[in-house]
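Following: one structure in structure tokens, then a few remarks.
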Amino acid sequence: MSKVNYEVEILRIIKDLDALPENALSLVKKVYKETCAEIGVDRITFFSNPAVLEKLIEIAYKYETDEKILELFVRTLVMISERFKVNTQSLYSFLMRHAGSKNKWIKFVVASRVAFLPQFDNYENKWVYILSIPKIPPKKDSMRIFRLVIKQRIDEVPDDLKEEVINIMRKFIDKENLVEDTHNLFLDIIEQLNNNNKN
């Protein structure tokens, strides 16, 4: 498919979604699959355009009452942000709006991205949110996200929270049967936090 045809086809799907059709779930699945597919020039050109992300966010607000469709929109937006490096204020606002969702999958997908967005640095309750990540099911996956967030922010962990972070990680590695490499990734962070505590 040529670049023009690719864009026309995906834009047609997005336009159809905007009209709130009965087949919205299958349409958003098509867009999601495109964001996950093998990266090529057409996909990069199309999905790295912030206007595409902004249009999808605008449409996603219309589906907030339908958890299945909303979950797929959240997954699609997160995939675009991660794979095509598109991070906007409206994406951050949309994800934060759903950070406390009752749907565990929406909550998990939001957690997998929101703390890595630059806007999160200015979030007043960022450490409350970061410490809540391990409580999101599925536990093993949320602990992986927690580890990555702490690793990225290792020098920012407030002194009064270091012990709590260490305890969360210790309990997890003591309780779970982790492969040695994963176990060591947690131990490295614990060691760094312990060393920072002593300085």
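Quick note: numbers below take in every heavy atom, side chains included, and nothing from hydrogens, waters or symmetry partners.
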(request) Kindly give the heavy-atom pair with the smallest separation between Phe108 and Pro137, and that separation in Å. (result) CB-O, 3.9 Å
(request) Can you measure from NZ (Lys55) to CG (Leu11) and round to the nearest 0.5 angstrom? (result) 10.5 Å
(message) Apply side-chain contact (heavy atoms from CB on, under 4.5 Å) to residues Thr45 and Val41 and explain how you reach the verdict.
(response) CA-CA 6 Å; Thr45 302; Val41 174; 3.9 Å; yes
(request) Would you check if the side chain of Ser132 reaches a backbone N or O of Tyr129 as a donor-acceptor pair within less than 3.5 Å? (result) yes
(message) Contact between Trp105 and Val74 at the side-chain level, heavy atoms closer than 4.5 Å - yes or no?
(response) no
(message) Donor-acceptor check, side chain of Asp66 to backbone of Ile69, threshold 3.5 angstrom: yes or no?
(response) yes
(request) Would you check if the side chain of Asn23 reaches a backbone N or O of Ser26 as a donor-acceptor pair within less than 3.5 Å? (result) no
(request) Go through the steps for Asp18 and Lys62 under the test side-chain contact (heavy atoms from CB on, under 4.5 Å), then give the verdict. (result) CA-CA 8 Å; Asp18 200 14; Lys62 296 178 180 182; 2.4 Å; yes
(message) When you compare the side chain of Asp42 with that of Glu7, does any pair of heavy atoms fall below 4.5 Å?
(response) no
(request) Check step by step if ring-ring contact (aromatic ring centres under 6.0 Å, His included) holds for Phe73 and Phe94. (result) CA-CA 11 Å; Phe73 264 109; Phe94 182 80; 7.9 Å; no
(request) Would you mind reporting whether Phe172 and Leu178 have side-chain heavy atoms less than 4.5 Å apart? (result) yes
(request) For atom CD of Gln89, decide whether the heavy atoms of other residues, nucleotides or ligands shown that lie under 6.0 angstrom number more than 12. (result) yes
(message) Between the side chains of Asp188 and Arg147, is the shortest nitrogen-to-carboxylate-oxygen separation below 4.0 Å, so that they form an ion pair?
(response) no
(message) Taking the side chain as everything from C-beta on, heavy atoms only, tell me whether Ser90 gets closer than 4.5 Å to Glu54.
(response) yes
(request) Report yes if the side chains of Arg83 and Thr35 come closer than 4.5 Å at any heavy-atom pair, otherwise no. (result) no
(request) Could you walk me through whether Ile168 and Met143 pass side-chain contact (heavy atoms from CB on, under 4.5 Å), step by step? (result) CA-CA 9 Å; Ile168 290 169; Met143 282 301 295; 3.9 Å; yes
(message) Would you compute the distance between atom CG of Asp141 and atom CZ of Phe146 and round it to the nearest 0.5 angstrom?
(response) 15.0 Å
(request) Measure the spacing between CG of Asn195 and CD1 of Ile190 and express it to the nearest 0.5 Å. (result) 12.0 Å
(message) Do Arg153 and Lys126 have side chains that approach each other closer than 4.5 Å (heavy atoms only, starting at C-beta)?
(response) yes
(request) Can you see which heavy atom on Met79 is nearest to which on Cys36, and at what distance? (result) CE-SG, 3.6 Å
(request) Would you check if the side chain of Lys107 reaches a backbone N or O of Ile136 as a donor-acceptor pair within less than 3.5 Å? (result) no
(message) Within the 4.5 Å heavy-atom criterion, are Ile150 and Met169 side-chain neighbours or not?
(response) yes
(request) Please answer whether the main-chain N or O of Leu77 pairs with a side-chain N or O of Ser81 as donor and acceptor at a distance below 3.5 Å. (result) no
(request) Quick one: pull up CD in Glu82 and CG in Leu117 and give me the separation to the nearest 0.5 Å. (result) 9.0 Å
(request) Would you name the heavy atoms of Val110 and Leu95 that are closest together and state the gap between them? (result) CG1-O, 3.3 Å
(request) Over all heavy atoms of both residues, which pair between Trp127 and Glu156 is shortest? Give the atoms and the distance, please. (result) CZ2-O, 3.6 Å
(request) Could you tell me which non-hydrogen atom of Glu38 sits nearest to which non-hydrogen atom of Arg43, and how far apart they are? (result) O-NH1, 3.0 Å
(request) Take the angle between the ring planes of Tyr123 and Phe120 and call it parallel below 30°, perpendicular above 60°, tilted in between. (result) tilted
(request) Determine yes or no for a side-chain-to-main-chain donor-acceptor pair under 3.5 angstrom, with Ser112 supplying the side chain and Val109 the backbone. (result) yes
(request) Determine yes or no for a side-chain-to-main-chain donor-acceptor pair under 3.5 angstrom, with Lys30 supplying the side chain and Ile13 the backbone. (result) no
(request) Would you mind checking if Glu71 and Lys68 are paired as a salt bridge, meaning a charged N to carboxylate O distance below 4.0 Å? (result) no
(message) If we ignore hydrogens and angles and just use 3.5 Å, is the side chain of Arg170 paired with the main-chain N or O of Val165 as donor and acceptor?
(response) no
(request) With rounding to the nearest 0.5 Å, note down the distance linking CD in Glu191 to CD1 in Ile166. (result) 10.5 Å
(request) Kindly state each residue pair satisfying ring-ring contact (aromatic ring centres under 6.0 Å, His included) with at least one member in residues 22-54, sequence neighbours excluded. (result) Phe47-Phe84
(request) With rounding to the nearest 0.5 Å, note down the distance linking OG1 in Thr88 to CD1 in Ile80. (result) 10.5 Å
(message) Do the side chains of Asp159 and Lys162 get close enough for a salt bridge, i.e. N-O under 4.0 angstrom?
(response) yes
(message) Hydrophobic cluster membership, with links at side-chain heavy-atom distances under 4.5 Å among I/L/V/M/F/W/Y: are Ile154 and Ile133 in one?
(response) yes
(message) We want to know whether His98 and Glu64 form a side-chain donor-acceptor pair, criterion being a heavy-atom distance below 3.5 angstrom.
(response) yes
(message) Show the nearest heavy-atom pair for residues Pro134 and Ser142, with the distance to one decimal.
(response) O-OG, 3.5 Å
(request) For a side-chain contact (heavy atoms from CB on, under 4.5 Å) with Val52, tell me which candidate from Val86, Ile57, Ile14, Val31 qualifies. (result) Ile14
